[in-house]
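As structure tokens, the structure follows; a few thoughts come after it.
Treat the numbers as computed from the prediction; the structure is a model and nothing was measured. Just so it is clear, the values below take in all heavy atoms, side chains as well, and ignore hydrogens, waters and symmetry mates.
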Amino acid sequence: MKNSLTRSIKNASANPKRRPIVLTDNNLKGKLKAYLISLVTMSPKTSPYNIFSQTLDIICVFVKLDFPEKWPELSTHIFTSLDSICENISSINEENIEELYRFLKLYLAVLKQQSEKKIPMKRVHFVKQAKEHMEKLFMLWKNISLEQYTSLSL
């Protein structure tokens, strides 16, 4: 799916008249985006890392095209997850550390994709949210106890 989608988008860039249906059908695109978020939030016990990694690659394609203005659900997911992590930071242990790791990988991938956007107007909306991002990250950093994680490993 990732390769097909990426190829279709690259071909569409070269020939704008041949845009793939996943980019022109907003209903289909919305369903796919919702499904992608559900895939990356699946438990590591039910979703192997290679599926997570491939899903992350597909998400990056849509982040490049639509985030944040046309994909507010991803922003909501990120902020909700950051809040939940901050509230439950003391309960992170060996059994659930991979969930935190996967979320942080998603968050990093989204931030990297945003920083690579060349058109300043595409970054404006995301930059407007920067304060909220920093406030939530500060809460996470403030609540991390290094002693809590010295025995944990990925």
Donor-acceptor pairs under 3.5 Å, side chain of residues 26-45 to any protein atom, not counting sequence neighbours: which ones?
unit_1	atom_1	unit_2	atom_2	d
Lys29	NZ	Asp66	OD2	3.0
Lys33	NZ	Asp66	OD2	2.7
Lys33	NZ	Lys70	O	3.1
Ser38	OG	Tyr35	O	2.7
Thr41	OG1	Ile37	O	3.1
Thr41	OG1	Ser38	O	3.0
Ser43	OG	Lys45	N	3.1

So the side-chain hydrogen bond (donor to acceptor under 3.5 Å, both in side chains) pairs with at least one residue in residues 48-57 (sequence neighbours excluded) are none
Q.
Please verify the inter-ring angle class for Tyr107 with His133; under 30° counts as parallel, over 60° as perpendicular, anything in between as tilted.
A. parallel
Report yes if the side chains of Lys112 and Cys60 come closer than 4.5 Å at any heavy-atom pair, otherwise no. no
If two hydrophobic side chains count as joined below 4.5 Å and joins carry through other members, does Leu111 share a cluster with Tyr101?
yes
d(Gln113 CD, Ile59 CD1) to nearest 0.5 Å is 11.5 Å
Separation between CD1 (Ile78) and CD (Glu132), nearest 0.5 Å, reads 11.0 Å
Here the pair of heavy atoms bringing Phe52 nearest to Leu106 is CZ-N, 4.4 Å
Check: Does some side-chain heavy atom of Phe62 sit less than 4.5 Å from a side-chain heavy atom of Leu74?
Finding: no
message: What I'd like to find out is whether the side chain of Asn88 reaches to under 4.5 Å of the side chain of Ser84, using heavy atoms alone.
response: yes
request  = May I ask whether Phe67 and Leu104 are part of the same hydrophobic cluster, defined by side-chain heavy atoms of I, L, V, M, F, W, Y residues being less than 4.5 angstrom apart, directly or through others?
outcome  = yes
Original post:
Are Phe103 and Met139 connected, step by step, through hydrophobic side chains (Ile, Leu, Val, Met, Phe, Trp, Tyr) whose heavy atoms are closer than 4.5 Å?
Top reply: no
- Task: Salt-bridge test for Lys131 and Glu135: reply yes if a basic N is under 4.0 Å from a carboxylate O, no otherwise.
- Result: yes
Flag side-chain contact, heavy atom, 4.5 Å: Trp141 against Leu137: yes
Separation between OG1 (Thr80) and NE2 (His77), nearest 0.5 Å, reads 8.0 Å
Taken to the nearest 0.5 Å, the spacing of Glu95 CD from Glu99 CD works out to 10.5 Å
Sorted by chain and number, sequence neighbours left out, ring-ring contact (aromatic ring centres under 6.0 Å, His included) with Phe138 holds for none
